[in-house]
There are 2 protein chains.
Amino acid sequence: MANTDIPALFAESLTNLKLTDKQKAVLEASLKLFSEKGFDNTSTSDIAKLAGVSEGTVYKQFKTKAGILKAIVEPFAENVIPLAATEFLDEVSTENLPDFKDFLTTVIKNRFQFAMNNLPQLRILFHEAITTPKISEKISKEILTLLSSNLKQAYLFYQTKGELVKWSPDRIFRYMISTVVGYVIPVLLIPGLTLDVDQVTKESTEFLLKGLSPK
Amino acid sequence: MANTDIPALFAESLTNLKLTDKQKAVLEASLKLFSEKGFDNTSTSDIAKLAGVSEGTVYKQFKTKAGILKAIVEPFAENVIPLAATEFLDEVSTENLPDFKDFLTTVIKNRFQFAMNNLPQLRILFHEAITTPKISEKISKEILTLLSSNLKQAYLFYQTKGELVKWSPDRIFRYMISTVVGYVIPVLLIPGLTLDVDQVTKESTEFLLKGLSPK
DNA sequence: TAATAATGAGTAATCACTCACTCATTATTA
DNA sequence: TAATAATGAGTGAGTGATTACTCATTATTA
């Protein structure tokens with residue numbers, strides 16, 4: 001891989017756009033600065049300086065500063081999060097993971113790994129979601145879609161097998177998300193903090209298995 | 001109460017400072033605007049306008065814009081959060097709440113109510129914590145202090161009674177916080193969303209009781 | 001009247017964004 | 001192939017708007 005500093009999914013999304021090296025450098029610099037200082041505290045001259053280009057170049061591809069943010073956050077928020085889970089579940093709920101414990105372990109580990117690979121974007125998303133209700137609404141809708149199709153089926157499957165408490169899908173999903181987020185938030189907030197993905201996967205699964213067991 | 005729009009704890013903290021009515025209006029306006037638009041997107045002239053005062057008055061008590069933020073966030077982050085829990089636990093772990101279910105219910109309900117009464121501050125704290133590691137560090141330390149004294153004792157009490165799984169205090173605390181936060185975050189992000197405190201207390205307690213039960 | 005509170009026009013700095021221009025690369029022509 | 005034309009990525013000084021903050025003046029209070 002050319003640049004290991006760029007999270008995998010971000011580098012991928014960049015290849016979809018036809019960008020020159022300098023324009024890619026603008027996006028990389030923006031990702032770093034937005035994540036560290038926040039969107040509002042990052043000036044376009046900061047970005048230009050870090051990317052090693054002129055301010056004019058910053059505005060060649062992305063017509064506004066908000067356009068840069070959009071280019072970073074939108075593909076991440078709209079497609080990447082739910083897609084990763086959905087694709088994953090297609091092959092799961094049918095045959096190859098009949099055990100709820102295995103299901104939980106695989107889903108949880110997948111989400112921890114995703115979070116660790118995309119910390120800068122998560123930081124930006126978190127930061128902007130508070131002042132931009134649109135983002136939150138989009139994510140809410142994605143979650144609802146995910147719930148009403150794949151996850152609902154999977155949950156029903158395990159509920160019928162007697163391995164999962166018969167609560168509503170959104171309640172079960174909420175506790176799964178909460179448990180993962182409870183480990184991820186400190187990593188987002190405290191610089192230098194990391195996660196042992198295997199360890200926290202094991203802990204989370206152990207807790208959720210008990211909390212979500214039938215009776 | 002004079003102004004029911006001001007959350008209880010915020011109004012209390014204001015009485016500690018010697019402020020004129022106009023200066024109080026500045027803080028109230030700042031709380032509202034910082035919470036809605038974020039600190040960086042709020043200008044001091046916005047604050048003055050909403051508070052119905054001049055810009056000069058804004059700078060009479062709080063010498064900088066950051067000083068206003070500090071006056072709002074610091075007492076909230078430093079004292080109010082851990083204090084509420086600590087005071088509460090002093091009378092709990094000794095005699096009057098011998099049942100772990102009652103303990104859980106009371107603590108959880110207390111935290112939900114606190115969150116609902118201080119949504120604007122929570123929003124600001126959330127927003128600023130990402131770009132200001134100092135805040136996160138302070139809260140981390142408060143949590144550690146809380147854990148190493150009162151909570152640790154309480155947990156040990158219920159573990160000895162065989163009502164609580166024998167995990168480390170910070171792990172148990174993490175799941176309690178995560179579960180509460182899982183209900184609160186959507187309320188912070190999606191405008192208009194509210195919580196039925198009694199209902200979510202019941203749900204959270206039910207889940208945590210199972211997840212934290214010994215075997 | 002003396003002291004304090006409040007005012008708002010003024011200031012220097014910073015910001016996002018523009019635009020006339022350069023120049024290396026590519027395409028076209030002879 | 002050699003000469004010329006067209007392209008568009010890149011530049012950076014410049015612009016108007018906005019910002020946080022000041023301070024000489026005025027209003028209010030005791």
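Please read all numbers here as calculations on a predicted model, not as lab measurements. So you know, we letter chains A, B, ... as the sequences are listed, proteins then strands, and number each from 1. As a basis for the values below, the full set of heavy atoms in this structure was taken, side chains included, without hydrogen atoms, waters or symmetry mates.
- Remark: P of C:dA16 and NZ of A:Lys49 are 12 Å apart, rounded to the nearest angstrom.
- When the nearest nucleotides of DNA chain D are assigned to A:Lys22 and B:Phe39 by heavy-atom distance, the more 5′-ward of the two goes with A:Lys22.
- Here C:dC17 sits opposite D:dG14 as a Watson-Crick or G-U wobble pair (both hydrogen-bonding atom distances under 3.5 Å).
- Backbone-only engagement by A:Ser43 is indicated by non-hydrogen atom pairs under 4.0 Å involving sugar-phosphate atoms exclusively.
- Counting to the nearest Å, the C1' atom of C:dT7 and the CD1 atom of B:Ile47 are 17 Å from each other.
- Taking a pair to require two hydrogen-bonding distances under 3.5 Å in either a Watson-Crick or a G-U wobble arrangement, D:dC23 pairs with C:dG8.
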Evaluate ring-ring contact (aromatic ring centres under 6.0 Å, His included) for A:Phe207 paired with A:Tyr175, printing each intermediate quantity in order. CA-CA 10 Å; A:Phe207 168 64; A:Tyr175 296 141; 8.8 Å; no

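- For the pair B:Gln61 CD and C:dT7 P, the computed distance is 15 Å after rounding to whole Å.
- As judged by a 4.0 angstrom heavy-atom cut-off over every strand, B:Val58 is placed among residues making no nucleic acid contact.
- Using Watson-Crick or G-U wobble geometry with both donor-acceptor distances under 3.5 Å, C:dA2 finds its partner in D:dT29.
- Picking from C:dC17, D:dC21, C:dT7 the nucleotide with the shortest atom distance to the side chain of A:Lys65 gives C:dC17.
- B:Tyr158 and B:Phe100 have tilted rings, their planes meeting at an angle from 30° to 60° on a 0 to 90° scale.
- For the pair A:Asn41 CG and D:dA20 C1', the computed distance is 14 Å after rounding to whole Å.
- Rounding to whole angstrom units, CD of residue B:Glu55 and C1' of C:dA5 are separated by 17 Å.
- With hydrogens and angles ignored, a donor-acceptor pair closer than 3.5 Å exists between the side chain of A:Lys60 and the base of D:dG10.
- Between A:Phe114 and A:Phe76, the angle of the ring planes stays under 30°, which puts this pair in the parallel group of the 30/60° scheme.
- Relative to the side chain of B:Gln23, the nucleotides C:dA6, D:dA20, C:dA16 differ in distance, and C:dA6 lies closest.
- Using cut-offs of 30° and 60° on the angle between ring planes, the pair A:Phe112 and A:Tyr183 is perpendicular.
- Mapping B:Gly52 and A:Lys63 onto DNA chain C by nearest heavy atom places B:Gly52 at the nucleotide closer to the 5' end.
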